[in-house]
Structures are given as C-alpha cells and as structure tokens.
Amino acid sequence: MATLKKQNFSRRAFMRTSGLASGGLLIGFNLFQACKEKSSFVPPADLSKLDYQDFNAYIKIAEDGTVTIFAPNPEIGQGVKTAMPMLIAEELDVSWDKVYVQQAKLDTVNYQRQVAGGSQSLRHGWEPLRRTGATAKQMLVNAAAAQWNIDSADCTAKEGVITNNKTKETLGYGDVVNAAAQLPIPEEVTLKKPKDFTIIGTDTPNVDIDEIITGKPLFGVDYKPEGTLFAAVARPPAFGMALEDYNATSLKNMDGVVDVFTIGEKARKLIAAQPNIAEILSTSDKVVILAKSTWQAFRAKKALETKWKEVTPLEDTKEHDDAMLALLNGKEFTTMREDGDVEKAFAEADQIIERTYEAPFLPHNCMEPMNFYAHVTDERIHLVGPIQTPAWKAGAVAAMLDRKPEDVTLEMTRMGGGFGRRLYGDFVLEAAEIADRVRKPVKVVYSREDDMNDGIYRMATKYRIKAGIKEGKITAYHLKEAAINSNMYGLIPNFFPAGAIENYKVDVASHKSNITTGAWRAPYTNFLAYAEQSFFDELAESMNVDRVQLRLDLLKKVNPEADERIQYSPERMIKVIETAVEKSGWGRKDNVYQGFVNYFCHNTHVAEVADVVIEDGVPVIKKVTCVVDCGIVVNPLGALNQIEGGIVDGVGHALYGDFSFKDGKPSASNFDTYRLIRMKEAPIVETHLIQNEIAPTGLGEPTLPPAGGAIANALKAATGNRFYQQPFTKFPELFQPKEKEIIG
C-alpha cells in the first residue's frame, strides 16, 4: 500500500471523514494556539483545574498551551490510548511532548467503532487519523503562506512551527490559527513517507504510566463518587438453576447494609425483546445486597440464605465431551470452505493421518474483577466503568429501562484486563437494573469467585484433522470443529493452509449448552493454531521431510490473486518463517530442543520457535523467539508489550489452563484451584519485527495462538511424546525426557 498519497477533499468530506471509525479526529483549529514557537509544556498536576476551551469532541486547549486529545477507543492495555494520538501528532507535526491524552466518553455522533476487540483499532484508524492531521497542517501552512504572500510549497512545518524557506521567517501554529480556520479545505494533501516519520516508529511510554505506577484512580474499580452504594449480587450457584426463595432477615441489622432485594424482571423483558442477550444474561432472579462499602456488601452476601431450583439440566464436562465426539463422528456439519474433492483424494491416498485435539473451557481471569457504576434518574442514565463495547451496552441499558438512547451517558475507564470478557457487559446491565430500582448511585463489584462461578467462558472445543498423502505430497486436508455453543468465524477457514492444498475442506458443528460462552483472547485460533501446527509437525515426521520446508513448500503454492478468499500473504509468511529460522538458531543449538510454528490471524503474520532444555530431569521452556509482520509499527515499545504478553499468556494456558463443570458448577472458583503460569515459569521472549511500509495490522492477539504449538512441538523433540489435549500438565507422564535421541 502506498504511503505517499494525494487526497481530494471538500469541506463537507473533511468534516465527515475526520470523524471516522476507530478514533478519527475532528480538529478544532484553535488548538494550535498551544503550539507557539518555544512554548514549554509540563503536564499540570490537576488538568481539571485548567481553564479549558472546548473545540469539539476530540480536542480541548488550555490557555497555558496544554493540548488534550480525547482517545475514543476503550483502553484495555493494548495501547491504543497512546498509539492512536501518535498518528494525529505525526501528520500534524506537533511535538509529542505538547500532547496530553484523555479517555473520551461514548459518543455515537462524533465517533464510530468505539470498540476494543479483534485487534482492529489501529488498522481501521491508520489513514483517517493521519489524513485528518495532514489536512489541518496544510491549512495552517496555507494561512502562513498567505501572510507572507508566497506559495505554500515554499513553506515547511515542523513541531508546530511554520518556516518561510525563502526568508527563514517562522510562525507558530497559534500565530495563524484564526486565519487558517477561515480558509477552504485543501483539495489535496500529502501524507508523510515512512522515512520522514518522527513520532510513528519511536518508543513512546504509555500515556497513563505515571498514574498506573503511583496508584492514581484510573480503573473502573477506582470509580466511587461521594454517596455511592455498593452492590454484591447473589447469582445462581450452577448453570441451569434459578432462585426459588431467600431469607435476608439476619442481614437487616448487619453493619452497613442498606437494603436487600431481587432483580431480574427488567433483564427478562430485555431478553424477550433481544433473545441474543440470553447468551450472556441469566433469566433467574438475583439477590442484591446493597451496602455502604464493598466489604460490608460481600460480608452480608456470605450470610444470605438462598434456595435455588433446577430449571434446565445441570451439565457436566463428561457430557460435553461425549456430545462433541458424537458431532465429530457424525455427519451433521456446516461446511465453511470446500476446495476440490476431498473424499476422492482420501480414497486415492497412499497414507492417511488423522488426529483429534481437545481443549477445555477457560475463564478470562482479568486482574480487575468485573465492576460498573450506574446512576439512574428521570433526566439521565449515567454509566461509568470498564467495558469493551460501550455503544452496545448503552443501547441495551436504554432498551432494558425503556429509555431513549440519548438519555444514556457512558464514560469509559481504563480496564485491568479484558481478553473478551468485557465485550459482553452483563455486569453493566445488573448495575443499571439495580440503580433504576433504588434511584441512587450504585457500584456493582464482583468477587473473583463471582466471575469464575458465573462468568462467560472460552468454549470447550475439539478439532479433528485428517490429511491424505500421495506420492510424498499432501493431497487432501479435512478440518472438523466441534464446539460448545458456537463455531469459528467465517474468515478462519481462509487462513493457512487454505489455498495450499488442492483438496481442502472445513466443517463445523456445535452443541448447545446453558453455560455462557463467548470470545476469549484470539477467539477460536487460540486453540486451532496449536492443533494445526502440531499436526503439520506430525505430518512432516510421517513424510520424513523437514518440517519448516514442508510449510515453505505449501506456501509457495498459494496464489491469493487467483483466490480472493485467501486472507494471508504467502510472501509475508515466508519472510517471517525464514527470519525465525535465522534468528532462533533453528537446529543449530546443542542440548536445546526446539519447536517451530507459523500462523496468521488478525491480519498479522507470526512465526515462533520455542527452546526447551532438560534441567534436573525435567523439560523446561527457556525461550521463545518470535518474528512478527504487523506492518508499520506505530509504537515499538507498546508492540513488544503486546507480543510478549500474548506469548506468555499462550504458553501459560496451554500448560496449565484447566476448567470443567460438574452438575452445572465450575471446577474452580479462585486461583487456589485454578492454575496460572508463575513469573518464574515465563520464558524469555526475543522479538523481531519485520520492517516494511504496509499499513499496521493487529497485535493484541496474534502471538498468543501459535505459542501453544511452539512449546508442544519443542516438548515432542525433548520427550518423544505428542500432546493432543490441553492443558499439557494434565498428563505428567508425557513430560518424561526421552531415554535416547529421537529424530523428528
């Protein structure tokens, strides 16, 4: 994609496109008063005390020159609150140290796609944000040129200062801002070439880092205005149960308890109107304990006496496993992609290899438990807290309470983790229903047990992969998916190895369960990548060919120009593979067992090599070398955080993540019974970024899916044993080091 572009604009088009999805910026030109030459900027201790002028939904400027840019997208640690304003500042040629970033409220008029999910924010915002900055800068340059009576081509702008190239005179943006605002929108603007970037591509600290490390109130759980009451909610103890009765007599006199009552009627009305809400919201009544503090509410909840009844079957993991195996063994599938004649190719194959891979449910385990604030009055509904889908939830609250959408004001806080759990916002609906009843400001806070016992989980999934080999070539490939409640989204069947194998088929089937399931970091691919990449290693072993060369040979067969369904670039994938082989010392290390994978998801190409060594007779994962092609890297510092975090997350859950159900109840309710990776167990991650001039793609999720496959293949090299089920540590007998060298 070309970076240097000529853009044609009318004033109307500029006003429209500058408010595009994922944080487009509509600039109020008086902001440039803040950028006068030699102005200094030190973020004040309390920005709220400054005398601001509001220019629009995106920018406000104080008289001392402080520039505040509102970041519209939710921040869950993926770094968009830092990276997206960097795009504006780059093309605007404003020094980064003169920019202060603040989280925006939900604003469906001026912003679009205020969503944190799918690793898409920078990808969607790349051109709109830069184009907006470039257009504003050109208008300022035009105003300066008019004042000097020269052509704008004879001017340059840098860090808020415009220079007359003939006389070397200078004007600060603030000197010409009023004149610039009166000028026509330029019909053409030029975006910078990557070689001219001064902000994009530089390590930029998180804009919230000082507040985070000093404990300032940034997160949802920190938000508690004066007069807030705190709600603990007693929910069904098992999926398939509903409230029958409760006794709160003993709670009435407990210190701090304000009221005890039930909610659920409004939620059921919402479900009746929007049946899909039933996938995330129980139809049962829930008991609410309202108190003056979280501690008092939690303590009273423990003393509450409740009686529950079974309304739908109480499900077990054993039943789920049997149901998914029956689906894989059956013939009732939805075919998502089919190339050639798979059955004919299998019939003609010299050899057929078939393996089944299994993964359990998983909770999200965000460090910050679910919470939300709501205050409902006749005039408005005020919502504040950590949510990945603010527009969806604001609309659902308005519908549930029979109010107009414009009655709802929703403010987003920083989130202490999301991973998909905060896409759904069942906790927002609870807070709103409680606040509507009591008409006082209310804060719902979950305990860890609340979220693990009554959460929204990654669905349990099984994959069966079958390949046919004829004359030393893979001639058939059939992927079957059986999952609880839902199946892979439509783009996944067009990931590698689609297009590389002539006879290729992807079938899916699902088993309906009353256990709530949903997106979990890198949905579906978080397990599929492990299954497919383990399978490719086993194929190479059976074919007696080099495992890396097998992948390269397949990629060379792919022709995306002939098949527009293909989502990945074979050339970019080959590049990350070759770089990973070089940088990891693949096959060139003594006493180190290595596992290789490559994968594409969220528009990003990744290759990973895991190093395993034997220490005290036990295999230990020491290092993961990761090569990523995510296009232009806006903030390398933030990119490394995402890459390393994704790998550690992927390694940890592949090794330890285990979660099951018995009689509708989860097997674990806190970290004493749910195993997470420990700091000392996290491998070193060495990252290499492919340099190119392609627009940015996703980075919050793509490094997690291949991590499980990398360590599985490395453990196979070390032990001679293959893993077909996660978590791997559930099978300690497979961790016994091999007694003699095993080739392959």
Side-chain angles (χ1 to χ4, degrees), residues 275-276 279 312-313 315-361 457-470 473-515 517-518 523-536 538-539 542 554 563 565-567 660-661 722-726:
N276 65 310
E279 297 176 6
T312 57
E315 301 180 16
D316 290 351
T317 288
K318 178 63 167 63
E319 296 169 357
H320 296 150
D321 285 341
D322 291 344
M324 287 188 286
L325 285 172
L327 289 172
L328 291 177
N329 293 329
K331 296 183 179 180
E332 298 297 320
F333 291 97
T334 298
T335 298
M336 299 190 72
R337 177 167 174 145
E338 185 173 13
D339 300 341
D341 190 333
V342 170
E343 295 307 319
K344 183 174 182 291
F346 279 127
E348 296 174 351
D350 300 329
Q351 181 184 5
I352 294 174
I353 298 175
E354 183 177 84
R355 299 290 184 266
T356 301
Y357 302 85
E358 306 176 53
F361 291 95
Y457 310 94
R458 182 187 81 170
M459 60 286 296
T461 307
K462 297 186 191 300
Y463 287 108
R464 181 167 292 166
I465 311 176
K466 181 179 178 182
I469 302 168
K470 183 176 178 63
K473 304 292 182 183
I474 302 173
T475 56
Y477 188 94
H478 191 185
L479 170 66
K480 294 180 181 179
E481 176 189 78
I484 301 297
N485 287 333
S486 63
N487 292 112
M488 67 175 74
Y489 55 87
L491 294 180
I492 293 176
N494 301 311
F495 296 173
F496 180 77
I501 301 169
E502 183 177 357
N503 304 291
Y504 172 85
K505 189 176 184 181
V506 178
D507 284 333
V508 300
S510 64
H511 172 72
K512 185 64 178 175
S513 168
N514 59 20
I515 293 171
T517 59
Y524 304 102
T525 60
N526 56 54
F527 177 60
L528 176 58
Y530 146 75
E532 286 194 315
Q533 290 296 305
S534 296
F535 186 72
F536 272 110
E538 194 161 356
L539 277 179
S542 299
L554 287 170
D563 185 352
R565 296 173 298 171
I566 299 299
Q567 296 296 305
S660 59
F661 288 87
R722 290 210 172 271
F723 294 83
Y724 298 102
Q725 290 178 264
Q726 290 186 359

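No experiment lies behind these values; they were computed from the predicted model shown.
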When rounded to the nearest 0.5 angstrom, what is the spacing between CD1 in I484 and CD1 in I515? 7.5 Å

State, with a plain yes or no, whether a side-chain heavy atom of N503 is found less than 4.5 Å away from one of K344. no

With rounding to the nearest 0.5 Å, note down the distance linking CD in E279 to CG in N276. 6.0 Å

Quick check for you: to the nearest 0.5 Å, what is the distance between H511 atom NE2 and D321 atom CG? 10.5 Å

NZ/K466 to NZ/K505 distance, rounded to the nearest 0.5 angstrom? 10.5 Å

If I compare all heavy atoms of R458 with all of P360, which pair ends up nearest, and what's the gap? NH2-O, 3.0 Å

Would you mind telling me which of F495, Y477, F496 makes a ring pair (Phe, Tyr, Trp, His ring centres under 6.0 Å) with Y504? Y477

In this structure, are over 12 heavy atoms from other groups packed under 6.0 Å from E502 atom CD? no

If I take atom OG1 from residue T475 and atom NZ from residue K470, how far apart are they, to the nearest 0.5 angstrom? 7.5 Å

Measure across N487 and A509 and return the closest heavy-atom pair with its distance rounded to 0.1 Å. ND2-O, 2.9 Å

CG on N485 to NE2 on H320, rounded to 0.5 Å: 8.0 Å

Of all heavy-atom pairs linking Y524 and M459, the shortest is OH-CE, 3.7 Å

Output field: ring centroids F527/Y463 closer than 6.0 Å: yes

So do L325 and R464 actually touch side chain to side chain, heavy atoms under 4.5 Å? yes

Contact between D339 and R565 at the side-chain level, heavy atoms closer than 4.5 Å - yes or no? yes

Please tell me whether Q567 and N494 have a donor and an acceptor in their side chains that are separated by less than 3.5 angstrom. no

Please examine the side chains of E532 and P497, heavy atoms only from C-beta on, and report whether any two atoms are closer than 4.5 Å. yes

Nearest heavy-atom pair of K462 and L328: which atoms, and what distance? CB-CD1, 3.8 Å

Side-chain heavy-atom pair R355, F535 within 4.5 angstrom cut-off: yes

Side-chain contact, heavy-atom cut-off 4.5 Å: M336 with D507? no

Of all the heavy-atom pairs spanning A467 and F346, show the shortest one and how long it is. C-CE2, 3.5 Å

If you define the side chain from C-beta out and look only at heavy atoms, does anything of L528 sit under 4.5 Å from L479? yes

In short, I353 meets I469 closest at the heavy-atom pair CD1-CD1, 4.0 Å

